Amino acid sequence: MIYIISKSNKPQYNIALEEYCFKKLLNHEKVFMLWINEPTIVVGKHQNTLEEINAEYVRENHINVVRRISGGGAVYHDHNNLNYTIISNEEKGSQFDFKTFSEPVIETLRELGVEASFTGRNDLVIGGQKICGNAQAYINGRIMHHGCILFDTNLSVLSKALEVPKDLIDSKSVKSVRSAVTNILPHLPRKITVEEFSETILQHMKRKFPDMQEYVFSDAELAEIERVSQDKFSSWEWNYGHSPQFNITLTTRFTAGKIQVFATVKNSVIENIKFYGTFFGNNGDLSPVENALKGVRYTVEDVHSALESINTAEFFAGFSVEELTEAIIR
């Protein structure tokens, strides 16, 4: 196992660094990474960015907006927020085992005198209040898990930056209430800095994995990470993309996450369709699903049949074909 402590606070660089570790350091079965960003909103891969942020507030307060390569929802980072990443080879990536990957944080907090627990789909809480959201990505037997830990984050800025116009959500599952959030620092018996907290987690991992060594990047590797940081994660095309223009727009929340569907339907046939939302999947490229639906009659029966022809679980973890059908047409 290797570990990496990023010395950069630039979100574009850190997410490029994370992607490089995930996709290129294949000779290392396990990778552990700690990083802190300057004020930033990080949106999930499948989200429609403009519908997830308070664009005016973000612009006025010079808050970065960067899209990550994993699914899930938007989160806010600042200098008092700690991010951690665990990358490993897993035979059953479709399981999306958030709880196991969250154990280092839970165990470290217990050492510091704070009881935290895992709850819901992918959250860590203290006394019922959320302190960490988690997300995962999976490619070819390799899984990347990352968490956004609220240590002493400015919760007022977080609330305003993620405050978006209310939309009507047609919920077809058990109603969920947005969890109240809290910082870790007020719960600690002994007050420490976020840097000390980061070091405490690192030392915990070193005790748990005695053979863990720090990874030193070559100049060529650093140049590649910087190039991707600029070409991909700093680009408007990746972070925002063009707002969808379709004649059917549906938003539905299920137990496994929110799905937004934008479709162009002409003469009762789907001409084009796009998916956004907070869902996770083993395959980040949704084009096989979208292509399977093009040319399909816009009826429940035909949409359901088209979805059954492909392995939808690969793209929408935790969703049944019936739920996906309901998200597309009702």
Side-chain angles (χ1 to χ4, degrees), residues 6-19 35-83 123 129-135 146-169 177-186 193-195 197-198 226 228-246 249 251 253 258 260 262 274 276-278:
S6 176
K7 296 179 174 60
S8 174
N9 297 129
K10 296 296 182 182
Q12 299 86 352
Y13 181 86
N14 283 329
I15 294 179
L17 173 63
E18 187 184 48
E19 183 187 55
W35 41 295
I36 294 174
N37 281 335
E38 62 190 22
T40 304
I41 292 177
V42 180
V43 299
K45 179 172 183 178
H46 305 301
Q47 290 190 296
N48 183 1
T49 301
L50 292 174
E51 293 190 4
E52 301 298 329
I53 68 173
N54 184 336
E56 183 178 0
Y57 182 85
V58 165
R59 183 172 58 255
E60 291 176 349
N61 289 274
H62 308 290
I63 297 172
N64 297 286
V65 177
V66 184
R67 185 186 300 278
R68 61 179 184 266
I69 64 171
S70 62
V75 293
Y76 175 74
H77 295 179
D78 66 13
H79 288 287
N80 283 307
N81 159 283
L82 179 64
N83 304 286
D123 295 340
Q129 294 182 299
K130 181 176 176 178
I131 59 162
C132 181
N134 297 277
H146 41 201
C148 165
I149 306 172
L150 300 176
F151 184 79
D152 191 25
T153 302
N154 189 324
L155 299 182
S156 175
V157 174
L158 179 155
S159 177
K160 292 174 183 176
L162 295 175
E163 183 181 29
V164 295
K166 295 180 180 179
D167 61 337
L168 296 177
I169 297 177
V177 178
R178 184 182 294 275
S179 301
V181 298
T182 186
N183 281 309
I184 289 172
L185 185 60
T193 65
V194 68
E195 290 79 13
F197 180 62
S198 176
E226 183 60 39
V228 174
S229 168
Q230 295 299 319
D231 293 351
K232 179 176 180 178
F233 294 109
S234 297
S235 71
W236 183 91
E237 288 76 13
W238 171 259
N239 294 322
Y240 286 87
H242 297 286
S243 297
Q245 298 293 327
F246 298 104
T249 303
T251 303
R253 189 182 297 278
K258 183 176 77 173
Q260 290 179 298
F262 298 86
K274 291 291 181 182
Y276 295 87
T278 61

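The model shown is predicted, which means the values in this text are computed figures rather than measured ones.
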* A161 to I63 - nearest heavy-atom pair and separation -> CB-CD1, 4.1 Å

* Spacing of Q129 atom CD and D123 atom CG [to the nearest 0.5 Å] -> 12.5 Å

* Asked: With sequence neighbours left out, which residue pairs that include part of residues 38-57 fulfil the ring-ring contact (aromatic ring centres under 6.0 Å, His included) condition?
  -> H46-F279

* Asked: Out of N64, V65, N83, I36, which one pairs with P11 under the side chain to side chain contact (heavy atoms under 4.5 Å, CB included) rule?
  -> N64

* Please tell me if the side chains of Y76 and P39 come closer than 4.5 Å, counting only heavy atoms from C-beta onward. => yes

* Heavy-atom pair of closest approach, residues N54 and E163 -> CB-O, 3.1 Å

* Asked: Considering residues at least two apart in sequence or located in another chain, which fulfil the salt bridge (Lys or Arg N to Asp or Glu O under 4.0 Å) criterion with K10?
  -> E38

* Asked: Taking side chain as C-beta onward, heavy atoms only, is F233 less than 4.5 Å from I69?
  -> yes

* Asked: So how far is it from N14 CG to N9 CG, rounded to the nearest 0.5 Å?
  -> 7.5 Å

Table please: side-chain donor-acceptor pairs of residues 147-157 below 3.5 Å, with sequence neighbours left out.
| from | atom 1 | to | atom 2 | distance (Å) |
| --- | --- | --- | --- | --- |
| N154 | OD1 | S156 | N | 3.1 |
| N154 | OD1 | V157 | N | 3.1 |

* To do: For residues S229 and S234, report the shortest heavy-atom separation together with the two atoms involved.
  => O-OG, 2.8 Å

* Shortest non-hydrogen contact from L162 toward A74 -> CD2-CB, 4.0 Å

* Asked: Hey, does the side chain of S6 reach the backbone of S8 with a donor-acceptor pair shorter than 3.5 angstrom?
  -> yes

* **Residues W35, L17; criterion side chain to side chain contact (heavy atoms under 4.5 Å, CB included); working and verdict** => CA-CA 10 Å; W35 41 295; L17 173 63; over 6 Å; no

* To do: With the side chain counted from C-beta on, respond yes when Q12 and W238 share a heavy-atom pair under 4.5 Å apart, and no when they do not.
  => no

* Asked: Short question: side chain of R59, backbone of H62 - any donor-acceptor pair under 3.5 Å?
  -> no

* Asked: With a 4.0 Å cut-off, would you call K258 and E52 a salt bridge?
  -> yes

* To do: State plainly whether the residues K232 and E19 are in salt-bridge range, i.e. N to O under 4.0 Å.
  => yes

* Structure fact -> Nearest heavy-atom contact between I15 and R67 is CG2-O, 4.3 Å

* Structure fact -> To the nearest 0.5 Å, atom OG1 of T49 lies from atom CD1 of I41 at 9.5 Å

* What distance do N81 atom CG and I131 atom CD1 have between them, rounded to the nearest 0.5 Å? -> 11.5 Å

